[in-house]
Peer 1: 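Take a look at this one; I'll ask things after.
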2 protein chains.
Amino acid sequence: MTSNKELMGAGTGLLVLSVLAREASYGYQIIRRINDEAAGLFVWQEGTVYPLLHKLEKDGFVRTQWQQADTGRRRKYYYITAKGREALSEGHRQWHAFHHMVTRFVEATNGQSF
Amino acid sequence: MTSNKELMGAGTGLLVLSVLAREASYGYQIIRRINDEAAGLFVWQEGTVYPLLHKLEKDGFVRTQWQQADTGRRRKYYYITAKGREALSEGHRQWHAFHHMVTRFVEATNGQSF
DNA sequence: CTATTATGCCAAGAAGTTCCAGGCATGTCA
DNA sequence: TGACATGCCTGGAACTTCTTGGCATAATAG
């Protein structure tokens, strides 16, 4: 039985994992990508994302590797693991189920103003 | 600028407000309705919903009234306010925007396994 | 008649998440 | 040189949710 907490928090991990499923990346870039894509809907702070990345690593959903960029700066790259892809798939499934429920509820309320 | 926290937490308030937009109800019944509708996807605890209801009241999204049921038991009925309906409408809008973003992200990852 | 279950409200404390506000270091550009 | 962007991180505050419990009445089972 999935807890509500996991489900709600799933949205954040889901976004990060989906970014990494496309291409390995590092914290600073992940933050920019997601905030760009959010286009003002929300803004993730560094203090939100770095702890989340550490948690994803602890859970085995990503692995990390320090790399030296052309610029000379050190970057901590995050790679999604097989387990991470499973979690992404499952999370996506649950997300849809939850969204479907929310939509059904809210749209049942009335036919006005939406 | 909406914070991420508000957006994620919005899902819970959204469900409760949408229940109340259809029909005034009381805590115990709200919990059962939502858990029934969730059909195992998640289970809300009383400890989650009652504080949420108090918060919705404090924010002016609902007002309350004690009533005596036919059974003789006291029930605290929650009525959605105009402000609550506005919040529901706005929350619904944001929820869609967020869901759209999540979907776009996740489905961009690959064409497999979903 | 009594014990259990269902109804109905709530709170206290723990655990987890996110934000805010920083710190620290290097590279780039004016 | 000084400011800004990049790049990592932490500590503490604030908030949410869960767990576990209490309290009281009504319905039902034995």
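Here is how names work: the chains are called A, B, and so on, in the same order as the sequence lines, proteins then strands, and each is numbered from 1.
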Peer 1: With rounding to the nearest 0.5 angstrom, report the CG to OH distance, B:L53 to B:Y78.
Peer 2: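 Here the interatomic distance stands at 4.5 Å.
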Peer 1: Could you tell me whether the side chain of B:L20 reaches within less than 4.5 Å of the side chain of B:I30, counting heavy atoms only?
Peer 2: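 SC-SC contact between B:I30 and B:L20 confirmed.
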Peer 1: Rounding to a whole Å, what distance do you find between A:L15:CG and C:dT17:P?
Peer 2: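 Whole-Å distance recorded here is 16 Å.
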Peer 1: Is B:Y26 close enough to C:dG8 that one of its side-chain N or O atoms is under 4.0 Å from OP1 or OP2 there?
Peer 2: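 The answer is yes; a side-chain N or O of B:Y26 sits under 4.0 Å from OP1 or OP2.
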Peer 1: Are B:L56 and B:L52 side-chain neighbours, meaning at least one heavy-atom pair lies under 4.5 Å?
Peer 2: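 Yes, their side chains come closer than 4.5 Å.
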Peer 1: Can you find a heavy atom in the side chain of B:L15 that is under 4.5 Å from one in the side chain of A:M101?
Peer 2: yes
Peer 1: Output yes when A:R93 and A:E90 qualify as a salt bridge under the 4.0 Å nitrogen-oxygen rule, no when they do not.
Peer 2: yes
Peer 1: Please list, chain by chain and in numerical order, all residues satisfying side-chain hydrogen bond (donor to acceptor under 3.5 Å, both in side chains) with A:R74, sequence neighbours excluded.
Peer 2: none
Peer 1: B:Q45 has an atom CD; how far is it from atom C1' of C:dC10, in whole Å?
Peer 2: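 Roughly 15 Å, once rounded to whole Å.
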Peer 1: Tell me, with the steps shown, if A:V62 and A:L17 meet side chain to side chain contact (heavy atoms under 4.5 Å, CB included).
Peer 2: CA-CA 8 Å; A:V62 300; A:L17 285 179; 4.0 Å; yes
Peer 1: Answer with base, sugar-phosphate or nothing: what part of the nucleic acid does B:G47 contact at a heavy-atom distance below 4.0 Å?
Peer 2: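 Here B:G47 touches the bases of the nucleic acid.
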Peer 1: Heavy atoms under 4.0 Å is the rule here; annotate nucleotides 23-30 of chain C 5' to 3' with B where the base is hit, S where only the sugar-phosphate is, and - elsewhere.
Peer 2: ---BS---
Peer 1: Separation of B:W66 atom CH2 from C:dT7 atom C1', in whole Å?
Peer 2: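 From B:W66 CH2 to C:dT7 C1': 13 Å.
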Peer 1: Quickly work out the B:L14 CG to D:dT16 C1' distance and round it to whole Å.
Peer 2: 16 Å
Peer 1: Quick one: A:Y50 OH to D:dT10 P, roughly how many Å, whole number?
Peer 2: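 Atom OH in A:Y50 sits about 11 Å away from atom P in D:dT10.
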Peer 1: Which sits closer to the 5' end of DNA chain C, B:Y28 or A:V49, going by the nucleotide each is nearest to?
Peer 2: B:Y28
Peer 1: Do A:H96 and A:H92 have their ring centres less than 6.0 Å from each other?
Peer 2: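 Judged by ring-centre distance (under 6.0 Å), A:H96 and A:H92 do meet the cut-off.
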Peer 1: Could you state the atom-to-atom distance from CZ of A:F42 to C1' of C:dT18 in whole Å?
Peer 2: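 So the two atoms are 13 Å apart, to the nearest Å.
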Peer 1: Between A:R32 (CZ) and D:dA5 (P), how many Å, whole number?
Peer 2: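 Distance, rounded to whole Å: 12 Å.
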Peer 1: Can a side chain N or O of A:H54 be found less than 4.0 Å away from OP1 or OP2 on D:dT10?
Peer 2: yes
Peer 1: Separation of B:K76 atom NZ from C:dA11 atom C1', in whole Å?
Peer 2: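 Whole-Å distance recorded here is 13 Å.
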Peer 1: Under 4.0 Å, heavy atom to any atom of DNA chain D: which of residues 55-64 of chain B qualify?
Peer 2: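 Going residue by residue through residues 55-64 of chain B, the ones with a heavy atom under 4.0 Å of DNA chain D turn out to be B:K55.
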Peer 1: Which nucleotide sits closest to the side chain of A:R75: D:dC8, D:dT17, C:dT7?
Peer 2: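 Among the listed nucleotides, the one closest to the side chain of A:R75 is D:dC8.
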Peer 1: To the nearest 0.5 Å, how far apart are OH in B:Y79 and CZ in B:R63?
Peer 2: 6.5 Å
